[in-house]
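Here's the structure we're looking at; comments come further down.
Residue numbering restarts at 1 for every chain, and letters A, B, ... go by the order of the sequence lines. Values below: every heavy atom of this structure, side chains too, minus hydrogens, waters and symmetry copies. This structure is a prediction, so every number in the text was calculated from the model and none was measured.
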Amino acid sequence: MSYNFTNKEVADLLHNISAVYQIKDFNQFQIRAYDTAADTIEHLNSELKDIWETGELDSIPGLGEKLRAYIDELFRTGKVKHFEEVSEKVPDNLFHFLVIPGVGPKTAMKLAETGIKDFHDLEKRIKEGKLEGAGLSEKILANIARGIEEYKRRSDRILLPVAAEIAKDVIDHLFKHPSVKRADTLGSLRRRLSTVGDIDISAASDKPFEVIEHFKKTPGISHVVEAGDRTSTIALRNGIRVDLMVQPPELYGNLLQHFTGGKNHNIRVRSLALKKGYSVSDNGTKELKSGKLHKFTDEEAVYKLLEMECPPPELREDQGEVEAALAHKLPNLVELEDIKGDLHTHSLWSDGRASIEEMAKEAKRLGREYIVMSDHSYPNLLDFKKRLKEIEHVNDSVEGFRVISGLEVNINADMTLQVPDEILQMHEVILVSIHTAFRQPKEEMTKRIIRALENPNVDILSHPTGRMLLEREGIEADWEVIFQKVKDLGKTLEINAFPNRLDLPDNLVRKAKEYGVRFSIDTDSHHINHLSLMEYGVSVARRGWCVKDDIVNTLPLAELKSILKDVK
DNA sequence: GCCGTTTTCGGCCCGACTGTTTTCAGTCG
């Protein structure tokens, strides 16, 4: 008998206990321990419950004796006595208010003590001016009101390419100020996470105040959230927040280093620096003994002073990259330029919006050597032979480029494939994927995928989890069993580059790589414009620590044939 | 509450901005 909690639920619980501790003015380092543990659990590669079941909780950094015992108690009994005791006199509704930007535990407590029931009640009372005497000044109340508006408008997170596009516009605007010498993305956008919350931007300039003033005039701005001497936050009309940090050019490397890494990466690096006698911040690296300040124009130098390699931004999550950088053993990650072809594309023959020839020409223009034309295998709609003829024809007419015949075949809910083997055998590359019955139980789903992989005609498992970012969760399956099977059968796992998929997700890519699995990075293009989305799949692969050799479509056509045997 | 090549106690990353604070608390990243 045990109770189920997702990683997110456990993380939220620990964050809530941290809030309770903050209200009670507990030791700040205890508070931090809860938040650190929560963050670690939220970003775990595997389900915490699975790790608990195999008795390996002690493999998780940041979980000591006490937190491990609490988590054990949680999974066994469904609750934690200590958590209940410590939150006994804390009103539950407090936690509703923590989602409002600018409202932390202390403010939330004041609101809860005033007898406000929930978010909507709060909104109503502020509008009606009924919150005087709550121990909150007018300015604070106005700030909360604005926070509520912002929270309501804020699309939770945005897709990576959307964020990248907005950031590009902001950076273009910044460069219109003559004093701006350099400008880049920072934070989760620079680390290329699949989805991004806030957009962080850096600028190098000797006139930070002027640049902040210029930033306040960014096109599309709704209002200025805050503005200081060299940092500022604005909210755009679409509800997205943009942070700007400015440093003079000689400190630009320090700035990039400080605001690129994830929280845990930064803590690791700065702790390490302290042991070596340095205090690291965006204002320079200070030698503690002499007080000497090292200023760096480039961030590589910050790491070099600490006798480390400079980890690529995508790796700065404290997932082993600090150790690798210290040992000078960072992987040489795959790059967009390494990609030679695209193994998953669609045309007018299924749900694509361009002909095979148009797709081939555009792919060639982008420098690719080949594509797999993998239309859906609609069994009653597709004239397979006629389509193969057309592929042949395009191969004759588009010179120096190869269209490989393929199909994307549904794995039916009953574990059969959408079309019979004789159809599969007519094609050079077969991708399989789940498009229906996403909510099957884990065991059944795992068996369903493995059955499909065991078909000797099948080459690639496409968008394996079926997730749609910001829309729906992926399927539940025993991924480690599947990865082992993919490896044993010599099949390929797809990293789907389409922006709302990015599937496999980066954490599972890393896990699959441990099993020695090889990957393809494919755009799943349905339009010629989609063919250039490859870079987002490459970002996922890089976040999963993939090098060139892990990716089959870095191979030129001649060598690809050694892996995809039916390719002529 | 966690952690260890200064180890089982005594430390724990660093800084910006806002409010009303004349030295600091709260929030955020």
Side-chain angles (χ1 to χ4, degrees), chain A residues 14 17-19 21-23 25-40 57-58 60-71 82-83 86 97-111 135-144 146-147 150 186-191 196-202 208 212 224-234 241-247 251 254-255 257-286 288 302 306 318 322 326:
Chain A
L14 294 179
I17 297 304
S18 154
Y21 276 24
Q22 286 177 68
I23 287 160
D25 284 324
F26 278 28
N27 177 317
Q28 56 163 316
F29 299 109
Q30 262 176 300
I31 294 165
R32 186 188 298 169
Y34 273 84
D35 283 325
T36 308
D39 289 342
T40 305
L57 280 186
D58 56 3
I60 301 173
L63 286 189
E65 208 180 323
K66 286 218 168 167
L67 284 173
R68 285 201 300 267
Y70 292 148
I71 286 166
H82 169 68
F83 293 173
V86 77
F97 308 134
L98 292 175
V99 298
I100 304 167
V103 175
K106 303 260 174 166
T107 313
M109 184 61 178
K110 281 186 186 166
L111 293 170
L136 297 161
S137 74
E138 232 169 84
K139 277 195 176 174
I140 299 264
L141 283 175
N143 196 38
I144 295 173
R146 205 181 58 190
E150 200 181 315
L186 298 170
S188 54
L189 178 53
R190 183 156 185 245
R191 298 200 305 281
V196 172
D198 297 343
I199 293 172
D200 300 316
I201 307 277
S202 60
I212 297 289
V224 177
V225 179
E226 60 182 40
D229 296 336
R230 61 176 196 83
T231 74
S232 173
T233 302
I234 60 173
R241 274 190 178 203
V242 186
D243 290 339
L244 175 68
M245 333 277 168
V246 190
Q247 281 291 38
L251 277 170
N254 304 88
L255 177 69
Q257 194 283 325
H258 191 84
F259 286 108
T260 296
K263 194 171 95 181
N264 290 335
H265 173 88
N266 286 343
I267 290 175
R268 279 297 304 280
V269 171
R270 288 170 207 155
S271 305
L272 198 85
L274 276 180
K275 285 184 187 147
K276 291 180 188 265
Y278 300 102
S279 172
V280 173
S281 87
D282 54 333
N283 290 321
T285 302
K286 194 197 270 178
L288 293 171
V302 180
L306 302 174
D318 191 24
V322 174
L326 283 166

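- Taking atom NZ of K276(A) as the reference point, atom P of dT6(B) lies 10 Å away to the nearest angstrom.
- The listed nucleotides are dG1(B), dT20(B), dA16(B); the one nearest the side chain of Q30(A) is dG1(B).
- K139(A) comes within 4.0 angstrom of a base, heavy atoms only.
- Contact annotation: N143(A) side-chain N/O to dT27(B) OP1/OP2 distance is not under 4.0 Å.
- For L67(A), the listed nucleotide lying nearest its side chain is dG1(B); candidates were dC17(B), dG26(B), dG1(B).
- In this structure, of dG29(B), dA16(B), dC17(B), it is dG29(B) that holds the atom nearest to the side chain of H258(A).
- Atom CZ in F259(A) sits roughly 12 Å away from atom C1' in dC17(B) (whole-Å rounding).
- With rounding to the nearest 0.5 Å, the separation of CD1 in I201(A) from OG in S232(A) is 12.0 Å.
- Between the C1' atoms of dT21(B) and dT27(B), the separation comes to 15 Å (whole Å).
- L288(A) has its CG atom 15 Å from the C1' atom of dT6(B), to the nearest Å.
- The P atoms of dC28(B) and dT23(B) are separated by 26 Å, rounded to the nearest whole Å.
- The gap from the P atom of dT7(B) to that of dG1(B) amounts to 24 Å, rounded to the nearest Å.
- Between the P atom of dG1(B) and the CG atom of D39(A) lies a distance of 17 Å, rounded to the nearest Å.
- Here CG of L63(A) is found 4.5 Å from CD1 of I71(A). Values are rounded to the nearest 0.5 Å.
- For K276(A), the NZ atom is densely surrounded, since the number of other residues' heavy atoms within 6.0 Å is greater than 12.
- D318(A) places none of its side-chain heavy atoms less than 4.5 Å from the side chain of V269(A).
- At the heavy-atom level, I17(A) lies nowhere under 4.0 Å from the strands shown.
- Among the nucleotides dG29(B), dT27(B), dG1(B), the one closest to the side chain of T107(A) is dT27(B).
- Of the candidates dG1(B), dC14(B), dT27(B), the closest approach to any side-chain atom of P105(A) belongs to dT27(B).
- Comparing dC3(B) with dT8(B), their C1' atoms sit 10 Å apart, to the nearest whole Å.
- Partner T233(A) forms a side chain to side chain donor-acceptor pair (under 3.5 Å) with one of D200(A), D243(A), D198(A) and no other, that one being D243(A).
- In this structure, Y34(A) does not reach the dC2(B) phosphate: none of its side-chain N or O atoms is under 4.0 Å from OP1 or OP2.
- Whole-Å rounding puts the N254(A) CG to dG15(B) P distance at 12 Å.
- Taking the P atom of each, dT6(B) and dC2(B) are spaced 23 Å apart, rounded to whole Å.
- Distances shown here put a side-chain N or O of K106(A) below 4.0 Å from the OP1 or OP2 atom of dG26(B).
- Using cut-offs of 30° and 60° on the angle between ring planes, the pair Y21(A) and H82(A) is perpendicular.
- Contact between the side-chain N/O atoms of S279(A) and the OP1/OP2 oxygens of dC14(B) is found at a separation under 4.0 Å.
- T285(A) has its side chain out of reach of Q257(A): every pair of non-hydrogen atoms, C-beta onward, lies at least 4.5 Å apart.
- Spacing between atom CG of L251(A) and atom C1' of dG15(B) amounts to 14 Å, rounded to whole angstrom units.
- Using a 4.0 Å heavy-atom distance criterion, R230(A) is classed as a sugar-phosphate-only contact.
- Comparing atom distances between the F29(A) side chain and each of dG1(B), dG29(B), dA16(B) picks out dG1(B) as nearest.
- Comparing dA16(B), dG1(B), dT18(B) against the side chain of N27(A) picks out dG1(B) as the nearest.
- The residue among I100(A) and R68(A) whose nearest nucleotide of DNA chain B lies closer to the 5′ end is R68(A).
- D200(A) places its CG atom 16 Å from the P atom of dA16(B), with the value rounded to the nearest Å.
- Along DNA chain B, the nucleotide nearest Q22(A) and the nucleotide nearest G62(A) are compared for position; the residue whose nucleotide lies closer to the 5' end is G62(A).
- Counting only heavy atoms from C-beta outward, the side chains of S281(A) and N254(A) never approach each other to under 4.5 Å.
- Residue contacts for E65(A): at a heavy-atom cut-off of 4.0 Å it reaches the sugar-phosphate backbone alone, with no base atom in range.
- Closest to the L274(A) side chain, of the nucleotides dC14(B), dG1(B), dC17(B), is dC14(B).
- dC14(B) and dT20(B) have their P atoms separated by 30 Å, with the value rounded to a whole Å.
- By the 4.5 Å heavy-atom criterion applied to side chains, Q247(A) and N283(A) are counted as neighbours.
- Across the P atoms, dT22(B) and dG26(B) are found 15 Å apart, a figure rounded to whole Å.
- Within 4.0 Å (heavy atoms only), Y278(A) reaches no atom of the nucleic acid at all.
- Counting non-hydrogen atoms under 4.0 angstrom, A273(A) reaches nothing in the nucleic acid.
- Closest to the side chain of S137(A), from the set dC12(B), dG26(B), dT20(B), is dT20(B).
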>> If a pair means Watson-Crick or G-U wobble with both distances below 3.5 Å, what does DNA chain B look like in dot-bracket form, with | marking bases paired to a different strand?
In response: ((((....)))).((((((....))))))
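- A glycosidic torsion no more than 90° from 0 defines the syn conformation, and dT7(B) adopts it.
- Side-chain contact between L111(A) and L136(A) is present, with at least one heavy-atom pair separated by less than 4.5 Å.
- Rounded to whole angstrom, the span from the CD1 atom of I31(A) across to the P atom of dG1(B) amounts to 11 Å.
- When each of dT20(B), dT18(B), dG26(B) is scored by its nearest atom to the side-chain atoms of I140(A), the top-ranked nucleotide is dT20(B).
- More than 12 heavy-atom neighbours from other residues, nucleotides or ligands sit within 6.0 angstrom of NZ on K106(A).
- Nucleic acid contact for V280(A): sugar-phosphate only, since backbone atoms but no base atoms lie under 4.0 Å from a heavy atom of the residue.
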